[in-house]
Amino acid sequence: MTTMEELVRSYRLLSGLRPEDIDVIASCSRNRVFASGEMLFREGQVADTLYLVRRGNVSVDVHQPGQGAVVIETMGAGAVVGWSWIVAPYRWTFDARAIDEVGVIAVDGTCLRTKAIADPVFGVALLSRVSAEILDRLQSTRLRLLDLYGARRDGI
């Protein structure tokens with residue numbers, strides 16, 4: 001049987017952390033399953049969880065008046081979903097929905113923040129990794145926007 005520590009350690013986001021840091025994250029974690037169509041979180045709600053996707057697909061959506069949910073990204077196994085737990089006021093800025101049955105490691109954001117404050121070495125290591133992941137996601141979004149608007153300049 002695979003331990004929570006082994007599951008947590010397998011995520012690229014957390015690679016290179018000290019063994020004791022992996023233990024801390026694992027102690028804040030639990031397995032969770034979402035049925036197809038079930039919401040992981042909704043925009044405006046309290047953000048309290050970091051989701052490490054183990055299987056299935058999650059859509060990250062934004063609500064557009066008159067059009068409903070607009071998918072801005074789809075995340076699959078190995079992805080990390082949900083950053084808003086790390087920055088006050090700790091509210092989700094998007095919706096996240098299970099496209100099919102989704103298995104995740106749900107990491108308690110309040111637990112992580114508390115542990116990061118108590119151990120600044122862990123806190124800096126975690127924040128550095130989360131920041132790098134956010135930057136990577138922003139760069140991907142930038143490239144998608146360039147493709148979108150570049151196509152429009154070409155006559156679309």
Side-chain angles (χ1 to χ4, degrees), residues 1-62 69-145 147:
M1 181 169 168
T2 307
T3 66
M4 187 59 72
E5 289 82 3
E6 291 168 328
L7 292 173
V8 167
R9 188 179 298 109
S10 71
Y11 279 81
R12 180 181 59 88
L13 172 75
L14 306 173
S15 68
L17 287 175
R18 303 175 302 181
E20 58 266 33
D21 297 338
I22 296 296
D23 291 343
V24 165
I25 295 168
S27 74
C28 295
S29 302
R30 64 186 173 98
N31 279 308
R32 180 125 189 245
V33 175
F34 291 90
S36 177
E38 189 175 356
M39 300 299 293
L40 280 70
F41 53 82
R42 291 186 186 275
E43 181 179 354
Q45 290 180 334
V46 173
D48 57 2
T49 308
L50 171 68
Y51 294 97
L52 307 174
V53 181
R54 294 187 59 205
R55 61 182 163 73
N57 295 288
V58 175
S59 69
V60 178
D61 310 334
V62 64
V70 176
V71 177
I72 58 171
E73 193 160 17
T74 301
M75 311 298 289
V80 179
V81 178
W83 307 113
S84 299
W85 60 271
I86 203 165
V87 179
Y90 313 117
R91 298 275 176 199
W92 295 119
T93 55
F94 298 102
D95 293 342
R97 177 187 318 271
I99 295 172
D100 42 25
E101 185 177 87
V102 172
V104 299
I105 299 170
V107 187
D108 183 307
T110 303
C111 178
L112 279 182
R113 285 193 312 269
T114 301
K115 303 286 186 177
I117 290 167
D119 179 354
V121 172
F122 168 63
V124 168
L126 180 63
L127 185 58
S128 294
R129 283 161 175 77
V130 169
S131 298
E133 189 75 20
I134 293 169
L135 179 60
D136 185 55
R137 194 86 50 88
L138 285 171
Q139 292 289 32
S140 294
T141 301
R142 177 180 164 265
L143 292 175
R144 283 195 308 274
L145 287 172
D147 285 345

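Residue numbers start at 1 and run along the sequence shown.
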K.L.:
Give a yes or no answer on whether the side chain of Glu38 reaches the backbone of Ala35 with a donor-acceptor pair at less than 3.5 Å.
P.N.:
yes
K.L.:
Would you indicate whether the side-chain heavy atoms of Leu112 and Phe122 approach each other to under 4.5 Å?
P.N.:
yes
K.L.:
Do Tyr51 and Arg32 have side-chain heavy atoms sitting under 4.5 Å apart?
P.N.:
yes
K.L.:
Restricting to side-chain hydrogen bond (donor to acceptor under 3.5 Å, both in side chains), what partner residues turn up for Arg54, sequence neighbours left out?
P.N.:
Asn31
K.L.:
Carefully, step by step, assess Val107 and Trp85 under the rule side chain to side chain contact (heavy atoms under 4.5 Å, CB included).
P.N.:
CA-CA 10 Å; Val107 187; Trp85 60 271; over 6 Å; no
K.L.:
Between side-chain atoms of residues 86-99 and protein atoms elsewhere (two or more places apart, or another chain), which donor-acceptor pairs fall under 3.5 Å?
P.N.:
{"residue": "Arg91", "atom": "NH1", "partner": "Gly44", "partner atom": "O", "Å": "3.4"}
{"residue": "Trp92", "atom": "NE1", "partner": "Val46", "partner atom": "O", "Å": "3.2"}
{"residue": "Asp95", "atom": "OD1", "partner": "Glu43", "partner atom": "N", "Å": "2.6"}

K.L.:
Evaluate the criterion salt bridge (charged side-chain N to carboxylate O under 4.0 Å, His left out) for residue pair Asp61 and Arg42; output intermediate values, then yes/no.
P.N.:
CA-CA 9 Å; Asp61 310 334; Arg42 291 186 186 275; over 6 Å; no
K.L.:
Is a side-chain N or O of Asp100 found less than 3.5 angstrom from the main chain of Asn57, in a donor-acceptor match?
P.N.:
yes
K.L.:
Kindly list each side-chain donor-acceptor pair under 3.5 angstrom involving residues 126-133, sequence neighbours excluded, with atom names and distances?
P.N.:
{"residue": "Ser128", "atom": "OG", "partner": "Val124", "partner atom": "O", "Å": "2.8"}
{"residue": "Arg129", "atom": "NE", "partner": "Ser15", "partner atom": "O", "Å": "3.1"}
{"residue": "Arg129", "atom": "NH1", "partner": "Ala125", "partner atom": "O", "Å": "3.1"}
{"residue": "Arg129", "atom": "NH2", "partner": "Ser15", "partner atom": "O", "Å": "3.2"}
{"residue": "Ser131", "atom": "OG", "partner": "Leu127", "partner atom": "O", "Å": "2.8"}
{"residue": "Glu133", "atom": "OE1", "partner": "Arg12", "partner atom": "NH2", "Å": "3.0"}
{"residue": "Glu133", "atom": "OE2", "partner": "Arg12", "partner atom": "NH2", "Å": "3.4"}

K.L.:
Hey, are the side chains of Val81 and Val53 touching, using non-hydrogen atoms and a 4.5 Å cut-off?
P.N.:
yes
K.L.:
What I want to find out is whether Asp108 reaches Lys115 closely enough, with some N-O distance under 4.0 Å, to be called a salt bridge.
P.N.:
no
K.L.:
Are the side chains of Leu52 and Val104 in contact, using a 4.5 Å heavy-atom criterion?
P.N.:
no
